[in-house]
Amino acid sequence: MSQKPEVRTRIAPSPTGDPHIGTAYMLLFNYAFAKSQRGKVVLRIEDTDQARCTPESETAILKSLGWLGIQWDEGPDVGGPAGPYRQSERTDLYRSHCQILMDQGHAYRCFCTPEELAARRQERREQKQSTGYDGFCAELPSETVQANLDEAKPFVIRMRTPKSSECLLQDMLRGEIAIPWENVDDQVLLKSDGFPTYHLANVVDDHLMSITHIFRGEEWISSAPKHKLLYQYFGWQMPQLCHLPLLRNPDKSKLSKRKNPTSILYYRQAGFLPEALVNYLGLMGYTLPDEREMFTLQEMVETFDLKRIRLGGPIFDVQKLTWLNGRYIREKHSVDQLLARLTEWFLNDETWKKILPLIQPRAEKLTEILPRPAFFFADMVEYSPENLVPKSYKFQAETLPADLDQEPDPGLMTARLLRIVQWEMEKIRSWKAEALQQCFVNVAEKEGLKLRDVVKPFFLAISGSPTSTPLFESMAILGSDMTRRRIQHALDKLAETGHVISKKKEKALQEHYQKTYGPNI
RNA sequence: GGCGCUAUCGUCUAGCCUGGUCCAGGACGCCGCCCUCUCACGGCGGAAACAGGAGUUCAAAUCUCCUUAGCGCUACCA
């Protein structure tokens with residue numbers, strides 16, 4: 001009798017931004033399952049989107065997942081026999097596999113431009129038809145293809161999908177799922193820049209890396225038929241699928257950074273312990289057989305049972321996470337251990353060397369040194385929201401910003417500024433004091449205000465005090481997650497005191513913003 | 001709009017597969033009391049849920065169907 005193959009799972013983050021808490025959630029379940037079967041976990045970087053992926057993001061993901069203490073067995077940082085583990089280093093593989101599909105007639109070139117696609121999609125949307133690819137280039141005569149090729153027209157490669165019947169998928173948790181083929185369009189496999197899409201890359205890699213089980217978010221269910229088809233085209237065995245529920249915002253939508261802090265790094269900075277965060281994530285959609293709420297990663301692995309996964313999307317409740325974190329601090333640490341945790345967190349010389357240069361020029365007694373920078377070590381800072389709003393704003397320019405027809409109420413103006421800066425900050429690639437300064441100078445100029453007036457509410461929002469260490473340096477030290485968090489908090493506080501940007505005004509503001517600042521990111 | 005997934009206290013969940021032991025158990029949060037030099041911790045107690053409707057059955061939170069709602073997907077993003 002043949003031996004059962006080793007269980008291999010994978011986590012495949014895309015380095016397009018902050019390391020997301022959902023990635024940690026998926027890693028946890030991939031890990032728990034693999035280890036409960038004495039298997040291995042592979043970490044693979046899915047950086048096929050040249051426009052959005054950055055090396056900074058990859059570093060942050062590796063660092064933050066490492067911080068959580070969930071150790072993968074193979075990956076770009078630790079190596080392994082199935083490498084390279086970065087998709088951008090495997091492009092030849094995808095191209096050659098794509099060629100196989102071309103040769104077999106399972107894939108074809110598509111010369112439609114993004115504009116043409118968008119226009120036809122729009123048309124079909126208006127006719128209330130499905131908006132997937134319409135197969136325009138599926139049966140192009142070879143002369144046309146050759147002509148386009150001779151003209152060096154850019155093209156993508158699409159897979160052929162059946163037009164009738166349905167695709168039967170087997171999900172480890174949900175059983176059989178049937179999806180009609182007419183709802184599956186001819187997905188792009190190879191983009192015009194020569195990079196693969198997720199669909200091609202993940203199938204090729206999962207096979208080549210001998211992945212046996214895929215634990216991923218349920219958002220992937222609807223594209224699973226494409227994957228199954230690719231496995232069939234290649235003649236490979238498809239890994240077992242297990243779609244996990246999605247973490248949700250309090251309003252039940254998919255967890256997103258607009259509504260919740262989603263960056264793992266934020267939770268670290270806000271004072272959560274990795275083992276508490278992992279423990280809490282384990283509580284989401286899952287219970288140990290004895291229903292205990294406090295457990296280690298090891299205990300979760302030892303008792304792991306697929307049957308105990310619930311399919312309803314759990315709401316990520318920071319309050320309960322906070323309670324659990326408190327138990328870890330109180331019950332699992334001696335004073336010495338706690339001190340060590342504090343040091344490995346941020347309370348160490350390295351941090352002080354960044355902060356002290358900002359305090360020193362303003363200090364007259366040593367006793368003044370500790371209270372000022374306390375906000376660096378805080379999650380939220382406290383202040384009265386009315387202090388965020390100055391008595392008036394003095395416009396320097398002749399004309400008001402386009403979304404305003406009259407001199408605005410200062411409360412609204414403050415909210416406006418916070419919003420605009422929020423949007424502008426999204427564009428900052430390298431989170432440094434200079435870049436932040438430039439961001440604010442730019443906003444002041446475009447809004448027709450003095451820099452000092454723009455900056456004023458931010459001092460309070462960031463530090464909780466109108467007089468503080470220099471704003472841009474402080475924000476730089478605080479980091480992007482925490483800075484954004486505090487600005488959002490200020491916006492929320494303003495809203496509580498009645499300074500809400502109405503839907504209508506928000507729309508006008510966005511128009512003004514895009515016209516004067518360029519498109520949102 | 002189309003397709004798919006999901007559905008127990010406000011939230012995380014137990015129970016569902018293998019109907020009766022469930023006028024539904026635990027936890028967070030909330031409220032009250034106790035402990036106490038304050039606060040917190042801790043202890044005790046309380047309010048709080050089987051989405052709706054049909055069916056199967058002696059019996060349904062548990063099985064079946066329909067409805068409703070929520071979410072997801074519907075890109076040369078993953």
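Predicted, not measured: the structure shown is a model, and the values here were computed from it.
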Can you check the distance between B/rU21 and B/rA59, where both ends of the measurement are the P atom (answer in whole Å)?
14 Å
Can you see whether A/F155 has A/R109 sitting over its ring - NZ or CZ less than 6.0 Å from the centre and within 45° of the normal?
yes
When both hydrogen-bonding distances must be under 3.5 Å and the geometry is Watson-Crick or G-U wobble, what is B/rC17 paired with, if anything?
none
When the P atoms of B/rC9 and B/rG2 are considered, how many whole Å apart are they?
28 Å
Nearest to the A/P314 side chain among B/rC17, B/rU13, B/rU11, which nucleotide is it?
B/rU13
Would one find a side-chain N or O of A/R52 under 4.0 angstrom from OP1 or OP2 of B/rA78?
no
May I ask you to say what A/S192 touches in the nucleic acid, namely base, sugar-phosphate or nothing, with a heavy-atom cut-off under 4.0 Å?
base
From CH2 of A/W181 across to P of B/rC3 the rounded distance in Å is 17 Å
Between A/E176 and A/D185, name the one whose nearest nucleotide on RNA chain B is closer to the 5' end.
A/E176
Among the candidates B/rG29, B/rC73, B/rA78, find the nucleotide nearest to the side-chain atoms of A/W323.
B/rG29
If I compare all heavy atoms of A/I157 with all of A/M102, which pair ends up nearest, and what's the gap?
CG2-SD, 3.8 Å
Using a heavy-atom cut-off of under 4.0 Å over every strand shown, decide if A/P114 touches base, sugar-phosphate, or nothing.
base
Mind checking if A/C112 touches a base, just sugar-phosphate, or nothing, with heavy atoms under 4.0 Å?
base
Pairing partner (Watson-Crick or G-U wobble, both distances under 3.5 angstrom) of B/rC28:
B/rG10
How far, in whole Å, is B/rU11 from B/rC30 if one measures between their C1' atoms?
12 Å
Is it the case that the base of B/rG4 and the side chain of A/E218 share a donor-acceptor contact (distance under 3.5 Å, atom types as modelled)?
no
Measure from OH on A/Y328 to P on B/rA27 and round the result to the nearest Å.
17 Å
Contact class for A/S223 vs. all strands (heavy atom < 4.0 Å): base, sugar-phosphate, or nothing?
nothing
How is A/R310 classified with respect to the nucleic acid when contacts are heavy atoms under 4.0 Å: base, sugar-phosphate, or nothing?
base
A/E219 CD to B/rG4 P: how many Å, rounded?
19 Å
Give me the atom names and distance for the closest heavy-atom approach of A/P76 to A/R86.
CB-NH2, 3.6 Å
The answer to which of A/G312 and A/P154 contacts RNA chain B further toward the 5' end, by nearest nucleotide, is A/G312
Under 6.0 Å from the ring centre and within 45 degrees of the ring axis: does the NZ or CZ of A/R120 meet both conditions for the six-membered ring of A/F136?
yes
Searching all strands shown, indicate the nucleotide that pairs with B/rU38 (Watson-Crick or G-U wobble; both distances under 3.5 Å).
none
Heavy atoms from C-beta onward define the side chain here; which of B/rC28, B/rC76, B/rU6 lies closest to that of A/Q319?
B/rC28
Hey, is the side chain of A/R292 poking within less than 4.0 Å of OP1 or OP2 on B/rC12, counting only N and O atoms?
no
Spacing between A/L311 atom CG and B/rA7 atom C1', to the nearest angstrom
11 Å
Check whether any side-chain N or O of A/R248 sits under 4.0 Å from OP1 or OP2 of B/rG70, and answer yes or no.
no
Can you tell me the base-pairing partner of B/rG72? Count Watson-Crick or G-U wobble geometry only, both distances below 3.5 Å, and say none if there is no partner.
B/rC3
Given B/rC3, B/rA78, B/rG72, identify the nucleotide with an atom nearest to the side chain of A/E46.
B/rA78
Under 4.0 Å between any heavy atoms, over every strand shown, what does A/R124 touch: base, sugar-phosphate, or nothing? Just pick one.
nothing
Considering only atom P, compute the distance from B/rG1 to B/rA54 and round it to an integer number of Å.
27 Å
Within this structure, what is the NZ-to-C1' distance between A/K320 and B/rA27, rounded to whole angstrom?
4 Å
Go ahead and name the base partner of B/rC23; Watson-Crick or wobble counts if both distances stay under 3.5 Å, otherwise write none.
none
Find the partner of B/rC50: check Watson-Crick (N1-N3 plus N6-O4 or O6-N4) and G-U wobble (N1-O2, O6-N3) distances, both under 3.5 Å, and reply none if neither fits.
none
Within the structure, does a side-chain N or O atom of A/T197 lie under 4.0 Å from either OP1 or OP2 of B/rA75?
no
A/K252 NZ to B/rU6 P: how many Å, rounded?
16 Å
Is A/I177 touching bases, backbone alone, or none of the nucleic acid, heavy atoms closer than 4.0 Å?
sugar-phosphate
What is the separation between atom CZ on A/F215 and atom P on B/rA78, rounded to the nearest whole Å?
24 Å
Minimal heavy-atom distance between A/V184 and A/K226, with the atoms involved, is CG1-CG, 3.6 Å
What contact category does A/A178 fall into here, base, sugar-phosphate, or nothing, at under 4.0 angstrom with non-hydrogen atoms?
sugar-phosphate
Have a look at A/V156 and say if it touches a base, only the backbone sugar-phosphate, or nothing, with a 4.0 Å heavy-atom cut-off.
base
If you draw a 6.0 Å radius around CD in A/Q237, do more than 12 non-hydrogen atoms from other residues or ligands fall strictly inside?
no
Which of B/rC3, B/rG72, B/rC41 is nearest the side chain of A/R330? It is B/rC41
In whole Å, what is the span from the CD1 atom of A/I315 to the C1' atom of B/rA49?
14 Å
For B/rU74, does either OP1 or OP2 sit under 4.0 Å from a side-chain N or O belonging to A/K226?
no
Near-ring test A/W220/A/Y198, centroid separation under 6.0 angstrom
yes
Specify the closest pair of heavy atoms between A/M300 and A/L288, including all atoms of both residues, with the distance to one decimal.
CA-CD2, 4.3 Å
